[in-house]
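The shown structure was predicted, so the numbers you read here are calculated from the model rather than taken from an experiment. Naming: A, B, ... by sequence-line order, numbering from 1 per chain.
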Protein chains: 2
Amino acid sequence: MTIQTRRERERAERERLIVTAARELAEAEGWDAVTTRRLAEEIEYSQPVLYSHFKGKGAIMAAVAVQGCADLADELRAARTAAGSAREALAAVGGAYTAFARRRPALYDAIFTLPVDLPFATPEAPAALQDAFGELLQAVEPIAAEGEDTGLLTETYWAGLHGLVTLMRSGRLPEEAHERRLALLIGHFVPQGMD
Amino acid sequence: MTIQTRRERERAERERLIVTAARELAEAEGWDAVTTRRLAEEIEYSQPVLYSHFKGKGAIMAAVAVQGCADLADELRAARTAAGSAREALAAVGGAYTAFARRRPALYDAIFTLPVDLPFATPEAPAALQDAFGELLQAVEPIAAEGEDTGLLTETYWAGLHGLVTLMRSGRLPEEAHERRLALLIGHFVPQGMD
DNA sequence: CTCCTATCCCTAGCGCCGCTAGAAAACGAG
DNA sequence: CTCGTTTTCTAGCGGCGCTAGGGATAGGAG
């Protein structure tokens, strides 16, 4: 029993090592630099070892995405709980979201951009994803108008943030006006009487 | 002189052929299927011929993007001019934009998603891109509140549309609620007194 | 008609990718 | 020590974007 458990522990440790190496390499040099050969070299094992832990490169990226999403959820929560009014909370969460995307682009891409098949808008979605969305939801809920579906409104606000971030990061929107665009988005999601 | 012009004409024709083949292949089987080998086979020339016309695969994709963007601009214009009120125009343009993205995903990706280095928010941007943005701009302009920067507001609305489309297409937002999310976005961009 | 030159285009191949089959090594049990 | 199992590695497959270098070919000169 102890031998078995030791092996399982070592395996789990190595799995962590793979995910961490993938994340660090992606954050340092971008996802293009994350190849299975490079990753194997980084963890000091041969390539096929990766495939004994994950189904393929996509699964490794998905693991990085889930792990990164927990960070995002933390930052969103911190921003939301530190804010005073409902409007401030919405703005704080929006700011934290876009700041995360700009500060950790590789992580953001893994979670929200790259075609990595994670279940998203379903109960089977990883807890970290649901947590992050939940933070947005809690920030949006107080500013929803009567009769508005809070979930849908959150998704729409999220889409706005995501659009701003991706268009800017791909060079399609100029960086320097980001804060003003973000303010416009937030302003249009806060009901008239509340600002 | 005539020989020279004939050759140039033939070259131009072949270039059109390449771009068309790339677009059709991408629309039929996705961009992953568009490899230089496959493309060469499609146009019945060898691979290196592609590189005598374009700097690389990215340049071919950029050409497809520009060509596709003209289509998008046309559809946006048609939607806008057919609409009655300012609110209807905004909704019509938003609907046409997302419909285009869903109907021609490969084209949309080439224009707005894939990392293809085209100048965007500058005067050197291709005319088709500026036209498409101009259509959005004309739809947004009438609903801008006093003191709001129309350009920035358009960019923000655009980001909202783009976010909705990309998150939905990557499976991160459920398809079936798209119209309701779009309506929410539009509703939040129309001033209170105008709807 | 022949030869020369310049242009064009193709064959072949480089280094890389994700992934995998099958050999080799390490390890625990008897 | 030997055997069977489990783990890990070496080697390689097919495909990618891209390019060097060698013919084929076409147009002008004699």
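- Distance from the side chain of A:Y51 is smallest for C:dC19 among the nucleotides D:dG17, C:dC19, D:dA20.
- Neither OP1 nor OP2 of D:dC18 sits under 4.0 Å from any side-chain N or O of B:T36.
- Distance CG (B:L39) to P (D:dG15): 17 Å, rounded to an integer number of Å.
- Between the side chains of B:T36 and B:Q47, at least one donor N or O lies within less than 3.5 Å of an accepting N or O.
- Positionally, the nearest nucleotide of DNA chain C for B:S52 lies more toward the 5' end than for the other of B:S52 and A:R38.
- Comparing D:dG17, C:dC9, C:dT20 by their closest approach to the side chain of B:S46 singles out C:dC9.
- In summary, of the residues considered (A:R180, A:R169, A:R102, A:R181), a salt bridge (Lys or Arg N to Asp or Glu O under 4.0 Å) with A:E175 occurs for A:R102 alone.
- For A:T35 and A:R37, the side-chain atoms include no donor-acceptor pair closer than 3.5 Å.
- Distance, A:K55 NZ to C:dG18 C1': 13 Å, rounded to whole Å.
- Pairs engaging residues 11-22 of chain B under the salt bridge (Lys or Arg N to Asp or Glu O under 4.0 Å) rule: none recorded [sequence neighbours left out].
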**Complete:** Pairing string of DNA chain D (Watson-Crick or G-U wobble, both atom distances under 3.5 Å; | = paired to other strand) is ||||||||||||||||||||||||||||||
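- A:W31 and A:A110 get closest at one heavy-atom pair: CZ2-CB, 3.7 Å.
- With hydrogens and angles left out, the side-chain atoms of A:S85 and A:R87 include no donor and acceptor closer than 3.5 Å.
- Spacing between atom CD of B:Q47 and atom C1' of D:dG17 amounts to 8 Å, rounded to whole angstrom units.
- Sequence order on DNA chain D of the closest nucleotides to A:H53 and B:G58 puts A:H53 first from the 5' end.
- We find that CD of A:E41 is positioned 13 Å from P of D:dC9, with the value rounded to whole Å.
- A:Y45 places its OH atom 9 Å from the C1' atom of D:dT8, with the value rounded to the nearest Å.
- The ring of A:Y97 has its center closer than 6.0 angstrom to the ring center of A:F112.
- At a threshold of 4.0 angstrom between heavy atoms, the contacts of B:R11 with the nucleic acid are absent.
- C:dC9 atom P lies 13 Å from atom CD of B:E15, rounded to whole Å.
- Protein atom CZ of A:R14 is 16 Å distant from nucleotide atom P of D:dT6, rounded to whole Å.
- When the nucleotides D:dC16, D:dC13, D:dA11 are ranked by their closest atom to the side chain of A:R37, D:dC13 comes out on top.
- One interatomic measurement links the two molecules: CZ of B:F54 to C1' of D:dC18, which rounds to 16 Å at whole-angstrom precision.
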